[in-house]
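This report refers to the structure that appears directly beneath it.
Quantities reported herein were computed from a predicted structural model and do not represent experimental measurements.
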Amino acid sequence: MTASLRSGDACDRVDAAAPITVVMNAGAGSDDMSAARVAIETALRGRDVDVRLARHPRELVSQARQAARSRAGVLAAAGGDGTLNAVARV
């Protein structure tokens, strides 16, 4: 699936230097999550990145809400459908 951006889309209005907060579910395959965290931090090296790990799936929404309230910038999710859904609800 390919997404195209038009002028005025949300991504078009995000400052390229904006801080990025990534919410992850630490309970979902810990080895995979460790590798995913390293990959995210490596890919975004040089950027203001905060990776937040929810210890249990029920903590995802509260982690995302806390991140949205406490940090300006981009709020992202890394994980499966449940993680993406929880962060998108914020």
Distance col, row Q63:CD vs R55:CZ, nearest 0.5 angstrom, shows 8.5 Å
Give me the atom names and distance for the closest heavy-atom approach of A18 to G73. CB-CA, 4.1 Å
Is there a chain of hydrophobic side chains (I, L, V, M, F, W, Y, each step under 4.5 Å between heavy atoms) that links V74 to L84? no
Point-to-point distance, once rounded to the nearest 0.5 Å, from OG1 of T21 to CG of D48: 7.5 Å
Is there a path from L53 to V49 through hydrophobic residues (I, L, V, M, F, W, Y) whose side chains come within less than 4.5 Å of each other? yes
Identify the two heavy atoms, one from A72 and one from P19, that lie closest to each other, and give their separation to 0.1 Å. O-CG, 3.5 Å
Here the pair of heavy atoms bringing T83 nearest to V23 is CG2-O, 3.8 Å
L75 versus A67, closest heavy-atom pair with distance: CD1-CB, 4.0 Å
Does one hydrophobic cluster hold both L60 and V90, with members joined at side-chain heavy-atom distances below 4.5 Å? yes
Among E59, M24, Q66, side chain to side chain contact (heavy atoms under 4.5 Å, CB included) partner for R52: Q66
Please list all pairs passing the side chain to side chain donor-acceptor pair (under 3.5 Å) test where one or both residues lie in residues 38-47, with sequence neighbours left out. R37-E41
Got a sec: does the CZ of R71 have more than 12 other heavy atoms crowding it under 6.0 Å? yes
